[in-house]
Each structure stands twice: as structure tokens, then as C-alpha cells.
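Below is one structure, written out as C-alpha cells; the observations come after it.
In the text below, chain A, chain B and the rest are named by the order of the sequence lines, each starting its count at 1.
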Protein chains: 2
Amino acid sequence: MSDVVLEPVATAQSLSQRLFETLRGEIVEGRLVAGSKISEPELARRFNASRGSLREALMRLEALGLIERRVNLGARVVTLSRRDLLELYDVREALEGMACRLAAANRSDTDLQALCHLLARHEQQQELQAGTAYFQPEGGFDFHFRIVQASNNSLLIDTLCNQLYYRVRMYRYQLGMVSARAQSAFREHRHIIEAIQAQDGELAELLMRRHICASRNNIENKLR
Amino acid sequence: MSDVVLEPVATAQSLSQRLFETLRGEIVEGRLVAGSKISEPELARRFNASRGSLREALMRLEALGLIERRVNLGARVVTLSRRDLLELYDVREALEGMACRLAAANRSDTDLQALCHLLARHEQQQELQAGTAYFQPEGGFDFHFRIVQASNNSLLIDTLCNQLYYRVRMYRYQLGMVSARAQSAFREHRHIIEAIQAQDGELAELLMRRHICASRNNIENKLR
DNA sequence: TTGTTTTAAATTGTCGACACATTAAAGTTT
DNA sequence: AAACTTTAATGTGTCGACAATTTAAAACAA
């Protein structure tokens with residue numbers, strides 16, 4: 001447990017905020033192991049910070065659902081169960097479905113352009129790596145980010161991008177997920193974008209819901 | 001600004017947590033006025049607490065989206081715009097729609113019973129107050145709570161009941177909302193419950209989405 | 001040895017104090 | 001009198017220390 005330099009995130013003004021962002025990353029990427037206890041004195045030493053600043057960061061991590069705290073007992077990194085994972089898919093289906101519907105209605109031209117560019121890039125990778133695309137734990141995730149951004153609903157954006165997606169990424173790192181659905185997922189992405197381009201909100205929502213549902217079913221099978 | 005006794009909430013173990021819950025209530029019910037600045041020293045004095053404990057509560061309030069903090073400038077109670085309100089409706093439509101779908105599939109008998117009881121109680125109030133039902137700022141909200149509970153998806157429950165609904169209640173207090181749709185809202189509630197009882201998830205979701213959408217449109221008109 | 005008390009160490013919750021940044025007021029210059 | 005400087009006052013960010021609780025270890029009894 002050597003010292004750690006805090007990543008100088010652009011929007012990191014205060015120490016407690018940098019601690020928050022750094023710890024969030026460590027938890028998501030599994031360097032702070034799921035289920036492990038969090039020792040305030042130890043972490044504070046590790047980051048050359050006071051316990052007060054650290055505790056402020058812990059409060060926010062708890063609100064994000066990345067740690068669990070019990071009075072006088074301390075904090076632990078959450079352990080995500082299979083059930084939690086499936087629940088997350090249901091929530092994503094609802095929210096990202098709505099994001100698609102809104103994106104189809106509110107999308108700006110630059111949003112659409114960015115989506116198409118992204119798709120093209122993925123197509124390239126797809127051909128290059130032939131089936132092993134979307135290999136990285138984060139693989140193909142930027143697509144969902146962009147869609148949500150295009151919805152132009154700041155609450156939706158915040159809920160997904162600043163809250164739920166951290167849990168999603170945490171799962172991916174934990175399970176070392178390689179989507180066996182790389183090709184089909186890519187096709188589905190394209191159809192979704194086409195619906196958004198055509199400003200067909202109804203269809204865009206339906207396609208996204210199926211896309212996520214398929215992913216959910218795929219995982220559900222693998223987990224048994 | 002006299003002293004305030006912290007409500008001895010059942011699940012209030014630590015001071016910072018009680019502060020959090022108390023402040024959350026004060027903001028939601030408008031005693032801490034939207035847009036007003038939050039002075040850490042003043043609040044700390046008012047609750048006979050140290051600034052440290054107070055700040056821990058503020059971190060959580062920020063994560064809840066009830067206050068906004070800017071470095072070295074302090075915190076302010078959020079001011080909810082008309083746009084925010086409409087965005088909230090879109091998110092609710094997605095999440096509560098999914099909650100209905102899941103409730104229809106997963107509902108326990110006790111859930112269903114509780115829902116029917118609630119409906120009966122509302123029917124009584126309806127007849128009694130003839131049109132002025134749902135008058136209180138919180139009016140008829142327990143219905144939505146119950147539905148979400150019945151979904152049996154803990155992430156969904158947490159997202160709605162422990163996060164978004166605080167904002168919803170804040171709006172109601174702010175706008176002193178009296179749903180002019182009391183009668184129609186009640187009818188819609190009954191139909192939703194019937195669909196859940198029949199375990200028709202598809203229909204339950206559709207009805208809830210229409211219900212919320214209608215409410216949204218109603219508000220949208222009033223705001224102009 | 002096993003199980004129970006007692007004791008000590010470590011951890012959490014809370015507090016007050018200091019350094020720096022921001023804001024308000026007082027003073028100065030044009 | 002208006003605008004800019006300078007100074008004081010207030011407020012935020014951070015830290016170290018103390019009290020209370022929990023956990024670990026030691027001492028003891030069965």
C-alpha cells in the first residue's frame with residue numbers, strides 16, 4: 001500500500017473532491033476490492049489527507065451506492081450480486097429507452113454526427129479485431145454515453161452517466177465481461193441510430209429496450 | 001432563527017445522519033428556501049453541531065441534488081426550473097412505467113392487498129372532499145410509493161423513493177400543487193392496479209406512462 | 001483445550017482551530 | 001461623486017485531537 005498520487009482531474013478543485021473521484025475510480029476498476037473493508041486512517045495516510053476530508057468523500061461514495069457504511073462499524077466496498085446486476089439492467093432498459101425516445105425528438109445535428117462517427121469507428125475496430133471487439137471492460141460503452149447525452153435531459157444524463165454507469169463499469173471489471181454479442185450488438189446500435197436519425201422516437205425506444213433486454217438475457221444465461 | 005430540535009428519526013444513529021435527514025426535510029418542505037445561501041457556521045450553531053458533521057450532511061445533500069456547492073463559494077438550495085420539472089416527469093414516466101411492469105410480474109399478495117386498501121381509502125376521501133381530494137402537497141403520493149415498492153427491484157425503489165421523490169415533493173411544496181385531475185387521476189390509479197392484479201405487465205406499464213404523461217401535460221399547460 | 005471476562009488497541013464520530021479565499025467596508029485618487 | 005485600492009471581516013477547506021464504541025488480545029475459569 002504505497003503512496004498514491006491523486007490524478008489531477010480537470011474539475012478537481014478541492015481535496016475531498018479529488019479523493020472522491022480517485023476512490024470512485026479505484027472502486028470501479030476493482031483496485032479497492034468489492035466487499036473489502038475501508039479503513040479511514042489507512043486511506044487518509046495513503047493519500048496524505050486528513051480523516052475529515054476523506055470522510056466527506058466517503059459520504060458521497062455512499063450516496064453513489066459504491067460503498068456501504070454502518071454506524072460505528074465503518075465502510076465496505078459494496079458487493080454486487082447477480083440479482084443487483086439484473087436489477088440494473090431493468091432500470092437501464094427503462095432509462096435508456098426513454099433517452100432514445102428523447103434523443104430522437106431533441107437531437108441536435110452535432111449529436112447525430114457524433115453518433116455516426118462513433119459507429120464508424122466501432123465498425124473499423126469490428127473489422128480489425130473480428131469478433132473480439134468490445135473486448136475491454138469499457139468496450140462499446142461510449143455509445144450508450146452519447147445516446148444519453150443526445151437526450152438533452154439533464155436529469156436523465158446525471159442519473160445514468162454520473163450514477164448508474166459507475167456501477168455498470170464496476171460489474172464489467174468484476175466479471176471481466178467480454179460481450180459475446182459483439183456483432184449483434186453492433187448491428188443493434190446501428191439500427192438505433194437510424195431510428196434516431198429518422199426522428200422516430202417510438203422505434204428508437206423500442207430498439208434500445210430490446211438491445212438492453214437481449215444483453216440482459218445473455219448475461220442471465222452466462223450466470224448459471 | 002431559533003434553535004431546532006432534531007427530529008428523532010428512527011433510523012438516525014449518528015449526528016451527521018440526523019442533520020442530513022433534518023435538512024433534507026427542511027429543503028423539501030421549503031423551510032430552507034430554494035435559492036437561498038447555506039451558511040455553514042450559522043447552520044452549525046443552529047443545530048449545536050460542529051461544522052465537520054454539518055459538512056458531511058451537506059455532501060450527501062449535494063449528491064441528492066437538493067443543494068449545489070461551489071468551491072470556496074458555499075452551498076445554495078437548488079432552484080428548480082420549469083424545465084427541471086418537465087425533465088423529472090420524463091424520468092418518472094420511464095422508471096415508474098418499468099415499476100408497474102415489474103410489479104405486475106413480481107407482486108406479492110400482500111403488495112396487492114395493500115394497493116387495494118390504499119385505493120379504497122382514497123375513494124373514501126374522494127367522496128368526502130368531492131373534488132378537493134389530493135389537496136395536500138403530498139396528496140395521493142403514497143400510491144406511487146406503493147407501486148414502486150411492489151416492483152421488488154431494490155435499485156428502482158432506491159432511485160425513486162430515496163432520490164427522485166424528494167425532488168417531486170419539493171416541487172409540490174413550492175408550487176402548492178393542487179392536482180385539478182383528482183378524479184381522473186383516481187380512475188387511472190384504479191386501472192393501473194387492475195392491470196397489476198391481472199399480472200398484465202405490458203398494460204400496467206402503458207397505463208402508468210399515460211398517467212404520468214397526462215399529469216405532465218396538465219402541469220405544462222398550467223405553467224404558461 | 002474450550003469458553004468466558006478483562007484489558008488493551010484500534011477505529012469511528014465529533015469537535016475546535018488554523019490557513020486561505022472571498023466578500024464587504026473603508027479609504028484613497030481622479 | 002465615481003471608480004479603483006486597500007483593509008477588515010466573514011466563510012470555506014483542511015487538519016489534528018479527544019471521547020465513545022468496537023474489535024482484538026490477554027488473562028482467567030471450567
Rounded to whole Å, CG of L54(A) lies from P of dC15(D) at a distance of 10 Å
Contacts under 3.5 Å, N or O only, protein and nucleotides 9-12 of chain C:
residue	atom	partner	partner atom	Å
dT12(C)	OP1	K37(A)	NZ	3.1
dT12(C)	OP1	I38(A)	O	3.4
dT12(C)	OP2	E40(A)	N	3.4

In whole angstrom, what separates L15(B)'s CG from dA19(D)'s P? 18 Å
Taking only residues two or more places apart in sequence, or in another chain, which ones meet R92(A) in a salt bridge (Lys or Arg N to Asp or Glu O under 4.0 Å)? E96(A)
Residues R46(A) and E26(A) bridged, charged N to O under 4.0 Å: yes
What is the distance, to the nearest angstrom, from the CZ atom on R18(A) to the P atom on dG13(D)? 13 Å
Take the protein atom CG of L58(B) and the nucleotide atom P of dG11(D), then report the distance between them rounded to whole Å. 14 Å
Tell me: CD of E56(A) to P of dT14(D), nearest whole Å? 7 Å
Rounded off to whole Å, could you give me the CG-to-C1' distance for the N48(A) and dT14(D) pair? 13 Å
Please list, chain by chain and in numerical order, all residues satisfying salt bridge (Lys or Arg N to Asp or Glu O under 4.0 Å) with E68(A), sequence neighbours excluded. none
Could R209(B) and E205(A) be called an ion pair, given the rule that one side-chain N must be under 4.0 Å from one carboxylate O? yes
Side chains of S81(A) and D84(A) only: does a donor on one sit below 3.5 Å from an acceptor on the other? yes
Is the phosphate of dG13(D), meaning OP1 or OP2, less than 4.0 Å from a side-chain N or O of S53(A)? no
Taking CG from L43(B) and P from dG11(D), how many angstroms apart are they, rounded to a whole number? 12 Å
Short N-O contact, E56(B) and R60(B), less than 4.0 angstrom: no
Rounded distance in Å - CE (M59(A)) to C1' (dG13(D)): 16 Å
